[in-house]
Amino acid sequence: MININNPGEDKMRILIVEDDNIGATMLKSILSPYGQCDMAVTGTDAVESFSRALKEKKAYSLVCLDIMLPGMDGQSVLKKIREMENQNGILGLDTAKVIMITALGDNTNILEAFRSQCEAYIVKPIRKDKVLEQIRALGIA
Amino acid sequence: VDILEKAIAKRNPAPKPVASVVVLDTKELLRTLDNDAAVLKSILEQVINDTPECLLKIENLIQAGDAAAIRVEIHRLKGMCLNIGAEEMAQIAARALKIDKSEPAETYGVTVKLLIEAYYRLEKEIKKRK
């Protein structure tokens, strides 16, 4: 239900983690109608944003996560996200839905991401139909 | 420099230029952007602003001998090219990423030349659309 007094309050929060400006712009363009999009360009930024959101009790419902990032990579960020959720007692259906969006389409990366409990894996190019298909399948759009 | 280039080319034969590959096809990108021509224009401007810097960075990393960092940059470039439909550059980048990770940084010298040539064609194509 939308909060009439403060519509922004009930909007789904989305974290886009992408070091390529163009990819980030595209994802924001696709996902903005579905929620408030925050951007992070490094793995460390992403972990900080996610941690801050948990502390503020405004957790992200969806995280779109690139793998090849400067510094901490996306696989490590995913592990850290699940660790933080676990420490905060966020389990099962309450956890953030994480979609890996990357140009890495090899089995090793795909398997590692699913082992670390990502919900979906999209190989670039970023296309609206692919992204929407996944978020609909996850029941968040 | 000539001798060095020849030695590198002999060790790692230059990938053939990607023939008959589309330089830029923005059809899918435009669909993803809900046919928003203004956003498309700003994305293509961003390509012109960002890509030369990225190519220069790769060249500098070759000089610095940092093969791992070169692969990260080429990977980013590949993702960007796939997203915008710059098929020729995406294919060259994809080929470069097939080079064994243990190969030294100089191995990527030939590839970066091909990327620069392909970028000039891409830039021309983008400017034609303005």
Side-chain angles (χ1 to χ4, degrees), chain A residues 16-34 37 39-44 64-77 99-110 113 121-136 141, chain B residues 22 24-54 57-58 61 66 68-87 89-98 100-101 122 126:
Chain A
I16 295 169
V17 189
E18 172 63 81
D19 63 334
D20 166 36
N21 290 335
I22 291 161
T25 304
M26 290 172 72
L27 283 170
K28 194 173 178 191
S29 159
I30 295 168
L31 294 170
S32 287
Y34 300 93
C37 296
M39 319 298 275
V41 292
T42 68
T44 310
C64 292
L65 184 54
D66 191 9
I67 291 182
M68 293 279 268
L69 294 167
M72 183 189 283
D73 68 23
Q75 298 279 14
S76 306
V77 173
I99 303 178
M100 310 304 278
I101 303 181
T102 171
L104 295 170
D106 59 287
N107 289 345
T108 311
N109 268 296
I110 295 172
Y121 195 105
I122 295 175
V123 178
K124 286 176 183 175
I126 296 166
R127 293 291 173 253
K128 187 176 186 176
D129 47 1
K130 283 200 275 187
V131 176
L132 293 187
E133 186 187 338
Q134 290 299 338
I135 66 169
R136 283 183 189 127
Chain B
V22 177
L24 180 66
D25 181 356
T26 54
K27 205 167 47 215
E28 286 297 324
L29 171 61
L30 196 56
R31 212 157 56 118
T32 282
L33 300 173
D34 281 334
N35 295 311
D36 191 330
V39 179
L40 175 70
K41 193 180 166 204
S42 94
I43 283 178
L44 294 179
E45 275 169 5
Q46 220 168 326
V47 172
I48 290 179
N49 287 335
D50 294 356
T51 313
E53 198 182 321
C54 174
K57 194 171 177 185
I58 296 170
L61 288 166
D66 191 344
I70 292 167
R71 293 183 69 85
V72 171
E73 287 305 314
I74 293 178
H75 173 85
R76 181 181 301 120
L77 190 64
K78 179 187 149 196
M80 184 274 283
C81 292
L82 286 172
N83 284 337
I84 65 162
E87 293 173 16
M89 284 190 76
Q91 285 194 19
I92 296 168
R95 282 188 197 176
L97 293 172
K98 284 183 182 159
D100 196 279
K101 285 179 187 172
L122 176 65
I126 291 172

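Throughout, a chain's letter reflects where its sequence line sits, starting with A, and its residues are numbered from 1. All of these numbers come straight from a predicted model, not from anything done at the bench.
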Original post:
For B:Cys54, does its backbone N or O pair with a side-chain atom of B:Glu73 as donor and acceptor, under 3.5 Å?
Top reply: no
Original post:
Just by distance, do the side chain of B:Asp66 and the backbone of B:Leu61 share a donor-acceptor pair under 3.5 Å?
Top reply: no
Taking [options] one by one, which has the highest count of heavy-atom pairs under 4.5 Å against chain A?
options                            : answer
B:Asp34, B:Leu33, B:Asp50          : B:Asp34
B:Arg71, B:Met80, B:His75, B:Lys78 : B:His75
B:Leu29, B:Leu82, B:Thr32          : B:Thr32

**OP:** Count the heavy-atom pairs under 4.5 Å between each of A:Val131, A:Asp129, A:Leu132, A:Leu104 and chain B, then report the option with the highest count.
**Re:** A:Leu104
**OP:** Return the set of residues passing side chain to side chain donor-acceptor pair (under 3.5 Å) with B:Asn35 (not counting sequence neighbours), or none when no residue passes.
**Re:** none
Subject >> Flag if over 12 foreign heavy atoms under 6.0 Å of NZ, A:Lys130 >> reply: yes
**OP:** Measure distances from A:Ile30 to the heavy atoms of chain B and classify the residue's part below 4.5 Å as side chain, backbone, both or neither.
**Re:** side chain
For residues 37-48 of chain B, tabulate all N or O donor-acceptor pairs below 3.5 Å that involve a side-chain atom, not counting sequence neighbours.
| from | atom 1 | to | atom 2 | distance (Å) |
| --- | --- | --- | --- | --- |
| B:Ser42 | OG | B:Val39 | O | 3.2 |

